[in-house]
Amino acid sequence: MKRNKKILIVEDDVTLNKGIMLTLRQEDIDIKQAFDLEEGASILKNESIDLIILDVNLPDGNGFDFCKKTRETSQVPIIFLTACDMEVDIVTGLELGADDYITKPFSLMILRARVMAALRRQVFNNGNNVFNFGELELDFEKMNFYKKDIPINLSKTEQKLLKILITNPGQVLTREQLIDNVWSDEGEYVDENALTVTIKRLRQKIENKNDNKKYIKTVYGIGYTFLVG
């Protein structure tokens, strides 16, 4: 069963912290609140956090230092939320590894949209081998694949093709790129029809025929892209 996403808010303004929590909280998202860096570090150490919303100026230190230390061991998405709107501060935050930077004052709905976008981009964990998209759970290390908690059988070729697509979400990959990466060890010539057939099989296995949710989009004349939104 897929676990809920966990968001850590590190913000010392109690009213703002609560407002963010209420804006982001939903059935499949759990919110962890911290009001200083020490509390935030403790939660991050003991919980599986999927995204951090981080203020810069906190009672016991600097959010930039927290971000830098976090990046030594984790690639969890970090969104800075701060009144420090000088260009040098924004550049510093991004260079330290932050995924986004939102300056105060701001709209809670815009923050929510940016958080959801960051969660969609965060399609991997556990060494780039475990992926979750809606009703799909794909573990390439253990070769366990599920749709709606029902096992899916994927061939080695299907696994290779699917992993290339999902590790490049939203990026158009040409037919040539996909063929070179998936069939690179099968000799000099591969019939392009092999890619078309494999894409068709993947769609049958991971998509639902009777609804509009599509993961693999054909970009006619070019190749394919994987949709995570």
Side-chain angles (χ1 to χ4, degrees), residues 2 5 50-51 71-79 91 93-101 113-229:
K2 187 174 67 172
K5 294 287 187 181
D50 297 287
L51 183 141
R71 279 289 172 263
E72 293 175 359
T73 57
S74 172
Q75 291 303 309
V76 59
I78 296 174
I79 297 178
V91 170
L94 296 175
E95 287 183 343
L96 286 172
D99 296 78
D100 206 346
Y101 200 111
R114 298 236 193 142
V115 166
M116 295 306 155
L119 287 175
R120 288 195 298 270
R121 291 194 299 268
Q122 191 221 7
V123 295
F124 58 85
N125 54 55
N126 292 343
N128 296 14
N129 283 315
V130 180
F131 302 74
N132 293 289
F133 305 95
E135 62 190 25
L136 293 178
E137 183 171 345
L138 312 169
D139 186 334
F140 287 88
E141 182 173 349
K142 297 179 180 178
M143 291 189 289
N144 293 327
F145 309 99
Y146 297 90
K147 182 172 76 173
K148 294 183 178 178
D149 298 323
I150 299 173
I152 308 169
N153 291 317
L154 298 179
S155 69
K156 290 286 188 180
T157 299
E158 290 166 352
Q159 291 178 39
K160 288 173 69 175
L161 177 56
L162 182 57
K163 189 171 183 182
I164 290 170
L165 287 168
I166 64 181
T167 52
N168 295 278
Q171 179 179 337
V172 178
L173 301 176
T174 67
R175 295 181 63 87
E176 291 76 15
Q177 286 175 316
L178 293 171
I179 289 171
D180 287 346
N181 281 278
V182 175
W183 287 274
S184 59
D185 57 350
E186 296 189 12
E188 295 182 4
Y189 175 77
V190 175
D191 188 343
E192 282 199 17
N193 190 51
L195 176 59
T196 303
V197 170
T198 307
I199 288 285
K200 182 180 179 181
R201 288 203 308 259
L202 271 179
R203 283 173 167 155
Q204 290 172 342
K205 292 179 179 182
I206 70 173
E207 297 178 351
N208 294 318
K209 188 175 182 181
N210 298 323
D211 66 27
N212 294 322
K213 178 58 183 176
K214 304 299 180 187
Y215 290 106
I216 302 173
K217 177 184 177 182
T218 300
V219 182
Y220 289 99
I222 302 176
Y224 302 92
T225 185
F226 195 86
L227 306 177
V228 297

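Computed from a prediction, not measured in an experiment: that's the story for all the values here.
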Spacing of [X] atom [atom1] and [Y] atom [atom2] [to the nearest 0.5 Å]:
X      : Y      : atom1 : atom2 : value
Asn181 : Lys163 : CG    : NZ    : 12.5 Å
Ile206 : Leu162 : CD1   : CG    : 5.5 Å
Phe145 : Leu154 : CZ    : CG    : 5.0 Å
Leu94  : Ile78  : CG    : CD1   : 11.5 Å
Leu178 : Ile199 : CG    : CD1   : 6.5 Å
Ile222 : Glu176 : CD1   : CD    : 10.5 Å

May I ask you to decide if [Y]'s main-chain N or O and [X]'s side chain share a donor-acceptor pair within less than 3.5 Å?
X      : Y      : value
Thr218 : Tyr224 : no
Lys148 : Glu135 : no
Glu158 : Leu202 : no

So which heavy atom on [X] is nearest to which on [Y], and how close?
X      : Y      : value
Asp50  : Pro77  : O-CD, 3.1 Å
Leu195 : Trp183 : CA-CH2, 3.7 Å
Asp99  : Val76  : OD1-O, 4.1 Å

Quiz item: Would Ile152 and Leu136 count as a side chain to side chain contact (heavy atoms under 4.5 Å, CB included) if you check the C-alpha gap in whole Å, the side-chain angles of each, and the deciding distance to 0.1 Å?
Solution: CA-CA 10 Å; Ile152 308 169; Leu136 293 178; 4.2 Å; yes
Exercise. Could you go through the side chain to side chain donor-acceptor pair (under 3.5 Å) check for Thr157 and Arg201 one step at a time?
Key: CA-CA 11 Å; Thr157 299; Arg201 288 203 308 259; 5.9 Å; no
Quiz item: Hey, are the side chains of Tyr146 and Asp139 touching, using non-hydrogen atoms and a 4.5 Å cut-off?
Solution: no
Practice problem: Decide side chain to side chain donor-acceptor pair (under 3.5 Å) for Asn208 and Lys147; before the verdict, give the C-alpha distance in whole Å, the side-chain angles of both, and the deciding distance to 0.1 Å. | Solution: CA-CA 10 Å; Asn208 294 318; Lys147 182 172 76 173; 3.2 Å; yes
Practice problem: Start with the C-alpha distance between Ile164 and Gln177, add both sets of side-chain angles, then the distance that settles side chain to side chain contact (heavy atoms under 4.5 Å, CB included), and finish with yes or no. | Solution: CA-CA 10 Å; Ile164 290 170; Gln177 286 175 316; over 6 Å; no
Self-check item: Criterion side chain to side chain contact (heavy atoms under 4.5 Å, CB included) on Val115 and Asp100, from CA distance to verdict
Solution: CA-CA 9 Å; Val115 166; Asp100 206 346; over 6 Å; no
Practice problem: Just do the side chain to side chain contact (heavy atoms under 4.5 Å, CB included) check on Glu207 and Ile216 with the steps written out, would you? | Solution: CA-CA 9 Å; Glu207 297 178 351; Ile216 302 173; 4.0 Å; yes
Practice problem: Evaluate the ring planes of Tyr215 and Phe226, with Trp represented by its six-membered ring, and classify them as parallel (under 30°), tilted (30 to 60°) or perpendicular (over 60°). | Solution: parallel
